[in-house]
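So the structure is just underneath, and the comments pick up after that.
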Amino acid sequence: MYKIIGQDGKEYGPVGAEQIRQWIAEGRVEQRTPVFADGAADWNFIGLLPEFAGLFSGSLSPTFAPKTIAPPIPSPRTSRFATAGLVCGILSVTCICCCAGVPFNILGMIFSIIALVQISENPQLHQGRTLAIVGLILSAISSLLMVFAIASGHTHININTGGFNP
């Protein structure tokens with residue numbers, strides 16, 4: 001007598017050898033179908049039992065190990081922080097005349113640094129290193145120009161408006 005685990009994951013049996021042969025003929029049982037024979041110590045694959053091995057085309061090795069399928073690796077996407085860092089970097093350079101690039105230069109540096117850290121820690125999930133570097137460079141240039149303008153006296157802080165005036 002035999003018990004099998006069907007393709008639906010349910011246990012069937014006990015059934016006789018004739019019933020197993022019929023299921024093999026119908027294609028309901030495959031070589032790798034788990035089977036427990038009366039008197040056996042453990043479950044086995046039906047294709048490894050001598051009484052059924054000849055009913056299958058090809059042979060099943062006793063050292064057969066089921067394949068493990070690795071989960072798919074998600075394709076890397078451009079980091080949103082890298083994109084935000086680049087946009088803020090561009091805005092900081094563009095707005096250098098009206099507001100000395102503030103707050104875009106600060107945000108651009110923060111977003112770009114976060115993106116570079118993310119990309120370094122998880123390169124298989126994040127990409128966009130070039131965007132983050134360009135955003136960081138533009139934000140740094142804007143900040144340096146702001147510091148230079150303040151140091152040279154070309155810009156001063158207006159306490160009443162809270163902004164910079166040329």
Side-chain angles (χ1 to χ4, degrees), residues 1-95 99 101-144:
M1 298 302 281
Y2 303 91
K3 292 180 188 176
I4 68 162
I5 297 179
Q7 294 173 351
D8 58 1
K10 295 180 181 176
E11 187 176 305
Y12 295 93
V15 295
E18 264 321 298
Q19 182 66 51
I20 298 285
R21 286 186 186 92
Q22 182 180 350
W23 287 344
I24 292 170
E26 293 171 357
R28 294 173 58 191
V29 174
E30 303 172 341
Q31 279 182 301
R32 294 184 179 111
T33 299
V35 63
F36 186 82
D38 280 348
D42 203 1
W43 288 83
N44 206 343
F45 294 110
I46 202 157
L48 294 176
L49 298 180
E51 59 265 35
F52 302 115
L55 300 174
F56 299 102
S57 61
S59 64
L60 187 62
S61 165
T63 59
F64 167 76
K67 289 184 193 176
T68 55
I69 300 173
I73 298 173
S75 60
R77 295 183 177 217
T78 302
S79 169
R80 292 182 182 182
F81 283 110
T83 305
L86 177 64
V87 170
C88 286
I90 291 170
L91 287 173
S92 71
V93 171
T94 305
C95 298
C99 62
V102 175
F104 301 115
N105 52 6
I106 297 167
L107 291 173
M109 284 191 277
I110 292 170
F111 290 150
S112 295
I113 290 169
I114 291 171
L116 289 171
V117 169
Q118 273 185 346
I119 293 166
S120 295
E121 288 178 352
N122 246 337
Q124 66 273 14
L125 293 179
H126 301 287
Q127 61 185 15
R129 181 178 305 278
T130 304
L131 297 178
I133 291 172
V134 170
L136 185 62
I137 291 171
L138 291 174
S139 297
I141 288 171
S142 172
S143 297
L144 289 174

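The figures that follow rest on heavy atoms only: side chains count, while hydrogens, waters and symmetry mates do not.
Taking the six-membered ring where tryptophan is involved, the planes of Y12 and W23 are perpendicular, since the angle between them exceeds 60° and thus also 30°.
The shortest distance between side-chain heavy atoms of I20 and Q22 does not fall below 4.5 Å.
Among I119, I110, I114, L86, the one residue that satisfies the side chain to side chain contact (heavy atoms under 4.5 Å, CB included) test with F81 is I114. Partner of I133 under the side chain to side chain contact (heavy atoms under 4.5 Å, CB included) criterion, chosen from L131, L136, I137: I137.
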Could you please spell out the steps behind the side-chain contact (heavy atoms from CB on, under 4.5 Å) verdict for V29 and F52? CA-CA 11 Å; V29 174; F52 302 115; over 6 Å; no
After noting the C-alpha distance and the side-chain angles of F111 and C88, does the key distance pass the side-chain contact (heavy atoms from CB on, under 4.5 Å) rule? CA-CA 8 Å; F111 290 150; C88 286; 4.0 Å; yes
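Residue G135 comes nearest to S112 through the heavy atom pair C-OG, 3.5 Å, listed as atom of the first residue, atom of the second, then distance. Taking each heavy atom of I46 and E30 in turn, the nearest pair found is CG2-O, 2.9 Å. Closest of all the heavy-atom pairs between S143 and M109 is OG-CE, 3.1 Å. Here the shortest heavy-atom pairing between Q31 and F45 reads O-CB, 3.6 Å. Between Y2 and E51 the shortest heavy-atom distance is OH-OE2, 2.6 Å. Closest approach of G128 to A82, counting heavy atoms only: O-CB, 3.5 Å.
Within 6.0 Å of the CZ atom in R21, the count of heavy atoms belonging to other residues, nucleotides or ligands exceeds 12.
In this structure, OG1 on T78 lies 4.5 Å from CD on Q127, to the nearest 0.5 angstrom. Distance CD/Q19 to CZ/R28: 7.0 Å, rounded to 0.5 Å. A distance of 10.5 Å separates CZ in R80 from NE2 in H126, rounded to the nearest 0.5 Å. Rounding to the nearest 0.5 Å gives a distance of 12.5 Å between OG of S142 and CD1 of I90. Taking CD1 of I4 as the start and CD of E11 as the end, the distance is 9.5 Å to the nearest 0.5 Å. The line from CD1 of I24 to CG of L55 is 5.0 Å long, rounded to the nearest 0.5 Å.
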